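Take a look at the structure below.
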Protein chains: 2
Amino acid sequence: MRAIFLGVQRPFLHPPSETLRLESILYALADPVRLEIVRRLATGDCPLNCSTAAPAHLPKSTQSHHFQILREAGLVHSERRGTEVVNVLRLDEIEAKFPGVVSTILKAAKPLECPDAAKRGG
Amino acid sequence: MRAIFLGVQRPFLHPPSETLRLESILYALADPVRLEIVRRLATGDCPLNCSTAAPAHLPKSTQSHHFQILREAGLVHSERRGTEVVNVLRLDEIEAKFPGVVSTILKAAKPLECPDAAKRGG
DNA sequence: TTCAATAGTTCAATAGTCTTGAACTTCGGA
DNA sequence: TCCGAAGTTCAAGACTATTGAACTATTGAA
């Protein structure tokens, strides 16, 4: 027996840049997986769907959770395109509000070593 | 009845700068209380003991916990002086390893609004 | 030396968050 | 309409944070 399933796909919520909080951004970037996602979005220089941006060995539900945190922190803008979700970094907005913070972190961030790294020619 | 108390005061452990991790530093700074502690240590420009550096309304055990995380991340060096513990930011070491990261975050950080702020002439 | 005060640590319990498998939605193609 | 692909939602167990109470350690005074 299961409770009523509320799994309607709700539209993504993106905080306006006035409400961005430094702590939320740091928290989002403090996780190795999320830092890697943001790094790929930044260096790839193009929108990426969730499974391309996240380390491939991660369960989908975990990936989804990480993207939710990145969205809520205001780091990433997500949009459904057919069956997939394309993600774009909100770097300009964040740089305007917290100059240098994310770009400096990204410069210091090393690529994450993970099981799928070899497949990508790393 | 209580288990054997192991509360011997152990010496503080400070990670050498070679083992500092960006994620741990971001994690430590992602908490509003810890960001405020680091901000006070940076702007005060002098060593501060735990109760001076932390927001005053916080329980001691919580303060102690936050300083432990700051120490383990390598952000803070602590040393016992009599009954108190003096804390110094390890800013130079961190800047050498992750240039600009912490200094940029500190520039973007606003003072924390908290119950004891008024007492300090804020 | 004994006492009390001060500064901080440690422990334990509870509250909150993260990770992940399973069930589900939604879209697009055959 | 049926199927697969891409993500979301939910639930449960694992992990982490917060905090009161008990404790250690040092200092200064009597």
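Chain letters run A, B, ... following the sequence lines, proteins first and then strands; every chain starts at 1. If you're wondering where the values come from, they're calculated on a predicted model, not measured in any experiment.
- Straight-line distance from the CD atom of E79(B) to the C1' atom of dG8(C): 15 Å, rounded to whole Å.
- Counting only heavy atoms from C-beta on, H65(B) has its side chain closest to dT18(D) among dT18(D), dA6(D), dT20(C).
- Remark: C1' of dG28(D) and CD of E84(B) are 14 Å apart, rounded to the nearest angstrom.
- By the salt bridge (Lys or Arg N to Asp or Glu O under 4.0 Å) test, E84(B) is found to be paired with no residue, residues two or more places apart in sequence or in another chain being considered.
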List the steps and the verdict of side chain to side chain contact (heavy atoms under 4.5 Å, CB included) for S24(A) and E72(A). CA-CA 8 Å; S24(A) 307; E72(A) 287 174 356; over 6 Å; no

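- With sequence neighbours left out, the side-chain hydrogen bond (donor to acceptor under 3.5 Å, both in side chains) criterion links H66(B) to R34(B).
- R81(B) has its CZ atom 16 Å from the C1' atom of dG8(C), to the nearest Å.
- Looking at which nucleotide of DNA chain C each of C50(B) and D31(A) is closest to, the 5′-most match is held by C50(B).
- With DNA chain D read from its 5' end, the first of the two nearest nucleotides for I69(B) and P59(B) is the one closest to I69(B).
- When side chains are defined from C-beta on, V101(B) counts as touching L22(B), because their heavy atoms get closer than 4.5 Å.
- Residue T83(A) has its side chain nearest to dA5(D) when only dT19(C), dA5(D), dT27(D) are considered.
- For the pair F67(A) CZ and dA6(D) P, the interatomic distance rounds to 14 Å; values are reported in whole Å.
- dT8(D) atom P lies 13 Å from atom CG of L13(A), rounded to whole Å.
- Taking 4.0 angstrom as the limit, R71(B) places a side-chain polar atom (N or O) nearer than this to OP1 or OP2 of dT9(C).
- Across dG8(C), dG7(D), dT19(C), the shortest atom-to-atom separation from the side chain of T62(A) is found for dT19(C).
- Distance, Q63(B) CD to dG20(D) P: 12 Å, rounded to whole Å.
- Base pairing of dG21(C) is made with dC10(D), judged by Watson-Crick or G-U wobble geometry with both donor-acceptor distances under 3.5 Å.
- At whole-Å resolution of the value, CD1 in I37(B) and C1' in dG8(C) are 13 Å apart.
- Taking a cutoff of 4.0 Å between a charged side-chain nitrogen and a carboxylate oxygen, K97(B) and E93(B) do not qualify as a salt bridge.
- Of the nucleotides present, dT2(C) is the one that pairs with dA29(D) by Watson-Crick or G-U wobble criteria, both distances under 3.5 Å.
- One N or O donor and one acceptor, one from the side chain of S61(B) and one from the base of dG20(D), sit under 3.5 Å apart.
- When rounded to the nearest whole Å, the span between CG of N49(B) and C1' of dT6(C) equals 11 Å.
- Listed nucleotides: dG8(C), dG7(D), dT19(C). Nearest to the side chain of H66(A): dT19(C).
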